[in-house]
2 protein chains.
Amino acid sequence: MVRMSAEERRESVIRAATAEFARGGYYGTSTEVIAKRVGVSQPYLFRLFPSKKAIFLAAAERCVEDTIRTFEEASEGLEGEEALHAMANAYTKVIAERPERLMMQMQMFVTVAAAEEAGEHEFGESVRAGWMRLWDTVHLPLGADVKETTTFLAYGMLINCLVAMGFPPEHRVWEGLYPSAREKGRLEK
Amino acid sequence: MVRMSAEERRESVIRAATAEFARGGYYGTSTEVIAKRVGVSQPYLFRLFPSKKAIFLAAAERCVEDTIRTFEEASEGLEGEEALHAMANAYTKVIAERPERLMMQMQMFVTVAAAEEAGEHEFGESVRAGWMRLWDTVHLPLGADVKETTTFLAYGMLINCLVAMGFPPEHRVWEGLYPSAREKGRLEK
DNA sequence: AACGTAAGTTAGTACTCAATCACTAACTTC
DNA sequence: GAAGTTAGTGATTGAGTACTAACTTACGTT
């Protein structure tokens with residue numbers, strides 16, 4: 001048993017929760033399996049976070065932040081076509097190395113509707129705000145071109161869906177995506 | 001209490017299940033609420049279907065069939081740019097009139113990973129096969145152009161995500177999408 | 001070395017939910 | 001109108017689950 005500061009533990013919980021929520025979604029993931037993954041007792045999670053929802057929210061927010069930072073770092077100092085390629089490459093790397101982040105995004109999306117209907121509008125607000133920040137983050141390097149930004153994000157969402165469906169990298173559905181996305185297979189080795 | 005043939009009831013169940021699963025996903029939807037929506041007792045669902053999973057599967061398959069038929073009918077006799085616009089318009093209509101179908105698609109995607117990990121590979125196979133049929137359905141009218149097909153589907157997936165997140169039709173994230181998609185608001189009236 | 005505090009656990013509660021079983025009511029056929 | 005079949009229900013069960021409360025163990029400080 002390794003003791004850790006509450007803050008460090010919370011970080012571990014967020015990482016574990018991201019992996020588990022990415023797999024099973026909010027309702028398909030028990031706090032038990034998150035605790036197991038962290039290596040801590042299940043009730044202790046409720047010392048670190050007030051509720052399961054709060055854990056999901058923390059993981060979701062982290063996921064958005066990470067994605068935004070990925071694009072910021074990739075496009076730093078670049079513009080137009082160059083920025084586009086750099087960001088596409090960066091996302092390809094995420095596909096290969098952090099697929100749970102893509103899945104977590106998808107889970108966020110589908111959880112909004114349920115939350116909205118349950119009267120928890122803050123969650124939807126938070127997700128939409130995150131998306132807008134992401135939108136602006138790619139919009140600028142792409143020369144503030146709306147059409148270009150939309151297309152970039154659209155390809156991103158298609159990639160998320162294909163990954164979710166479990167298409168292997170050599171499958172023909174990956175044809176027509178950024179050339180870099182096809183190198184997924186190679187990168188994974 | 002209205003008596004109905006088992007086959008008719010199964011249809012009602014599929015419709016109700018689509019609406020409910022679209023909202024809450026597989027794990028977030030109880031058989032109870034589906035039964036309530038159908039207007040039938042919860043145990044009776046298990047006469048009509050062997051398990052909850054079977055209900056989800058039936059709803060998912062129906063959803064894919066419907067989407068494919070929508071594109072087939074829209075593109076009938078058209079080609080290239082014309083087919084593209086016709087299919088885009090058709091999808092816009094689905095957004096406005098059958099948003100649960102979009103959400104059900106999203107729920108299918110995110111459920112594959114969980115099913116895959118639980119050893120139920122048939123579900124993933126079914127979803128991927130459905131996607132390929134959809135792919136081929138739009139591929140042909142678009143002049144068998146891979147790039148064009150990918151872009152069309154990518155925009156579709158972005159739309160699904162924006163709808164899931166609950167962005168209202170007048171929000172600026174809808175800029176840059178098919179012009180027809182922007183008429184969503186008007187169509188809804 | 002004693003003490004306070006922060007990290008962590010064990011035991012338990014109240015509840016939900018998929019699935020089963022034994023049964024009843026309505027329609028159909030001869 | 002009796003016999004058989006099909007549609008449908010009520011009661012229940014057993015497994016899981018979010019969260020609480022009360023207790024214990026390690027660590028830093030003086």
Side-chain angles (χ1 to χ4, degrees), chain A residues 1-60 107 111 114-115 117-120 122-123, chain B residues 1-60 107 111 114-115 117-120 122-123:
Chain A
M1 196 245 286
V2 184
R3 261 172 95 97
M4 221 176 262
S5 81
E7 214 38 68
E8 283 175 303
R9 267 300 180 223
R10 257 184 282 266
E11 281 305 307
S12 312
V13 171
I14 289 176
R15 271 196 303 276
T18 301
E20 293 296 338
F21 281 133
R23 200 190 56 85
Y26 180 75
Y27 296 104
T29 303
S30 67
T31 54
E32 177 93 45
V33 314
I34 297 173
K36 277 242 173 70
R37 189 179 259 261
V38 176
V40 98
S41 73
Q42 179 263 347
Y44 187 48
L45 295 185
F46 294 87
R47 290 270 158 116
L48 302 169
F49 294 89
S51 66
K52 183 184 178 183
K53 241 167 255 170
I55 301 176
F56 187 81
L57 201 66
Q107 298 289 0
T111 307
E117 214 145 325
E120 287 142 26
E122 334 87 35
F123 183 63
Chain B
M1 197 245 287
V2 184
R3 258 174 96 97
M4 223 176 260
S5 80
E7 213 38 67
E8 283 175 303
R9 266 300 181 224
R10 257 184 283 265
E11 281 305 307
S12 312
V13 171
I14 289 177
R15 271 197 300 277
T18 300
E20 292 296 339
F21 281 133
R23 199 190 57 85
Y26 180 75
Y27 297 104
T29 303
S30 68
T31 54
E32 178 92 44
V33 314
I34 297 173
K36 277 242 173 69
R37 189 180 259 259
V38 176
V40 97
S41 73
Q42 179 261 347
Y44 188 50
L45 294 185
F46 294 87
R47 291 270 155 122
L48 301 169
F49 294 88
S51 65
K52 184 185 178 184
K53 240 167 256 170
I55 301 177
F56 187 80
L57 201 67
Q107 298 290 359
T111 308
E117 214 146 325
E120 288 142 25
E122 333 89 36
F123 183 62

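Below, read A as the first sequence line, B as the second, and so on, with proteins coming before strands; counting in each chain starts at 1. Just so you know, these numbers come straight off a predicted model, no measurement behind them.
For the pair B:Arg10 CZ and D:dT6 C1', the computed distance is 12 Å after rounding to whole Å. Rounded to an integer number of Å, the gap from A:Lys53 NZ to D:dC19 P is 7 Å. The nearest whole Å value for the distance from the CZ atom in A:Phe46 to the P atom in D:dC19 is 4 Å. Taking atom CD on B:Glu32 and atom C1' on D:dT13, their separation rounds to 15 Å, with Å as the unit. C:dA7 atom P lies 10 Å from atom CD of A:Glu7, rounded to whole Å. A:Arg47 has its CZ atom 10 Å from the P atom of D:dT20, to the nearest Å. Distance, A:Glu8 CD to C:dA7 P: 10 Å, rounded to whole Å. Spacing between atom OH of A:Tyr44 and atom C1' of D:dA18 amounts to 18 Å, rounded to whole angstrom units.
Checking each of B:Arg9, B:Met4, B:Arg47 against B:Val40 for a side-chain contact (heavy atoms from CB on, under 4.5 Å) leaves exactly one that passes, namely B:Arg9.
Using a 4.5 Å heavy-atom cutoff, the side chains of B:Thr31 and B:Phe46 are in contact. At least one side-chain heavy atom of A:Phe49 sits less than 4.5 Å from a side-chain heavy atom of A:Arg10. At a threshold of 4.5 Å between non-hydrogen side-chain atoms, the residues B:Tyr44 and B:Val38 do not count as touching.
You'll find that the side chain of B:Ser5 is closest to D:dA7, out of D:dA7, D:dC19, C:dC21. Closest to the side chain of B:Ser30, out of D:dT20, C:dC17, D:dA7, is C:dC17. For A:Ala6, taking side-chain heavy atoms from C-beta onward, the closest of the listed nucleotides D:dA7, C:dA7, C:dA11 is C:dA7.
Contact annotation: B:Thr31 reaches the phosphate of C:dA18 (side-chain N/O to OP1 or OP2, under 4.0 Å). Using a 4.0 Å cut-off, some side-chain N or O of A:Arg9 falls inside it from OP1 or OP2 of C:dG8.
Of the two residues near DNA chain C, B:Arg3 and B:Tyr26, the one whose nearest nucleotide lies more 5' is B:Tyr26. Residue-to-nucleotide proximity on DNA chain D shows that, of B:Met4 and A:Gln42, the 5′-proximal contact is made by B:Met4.
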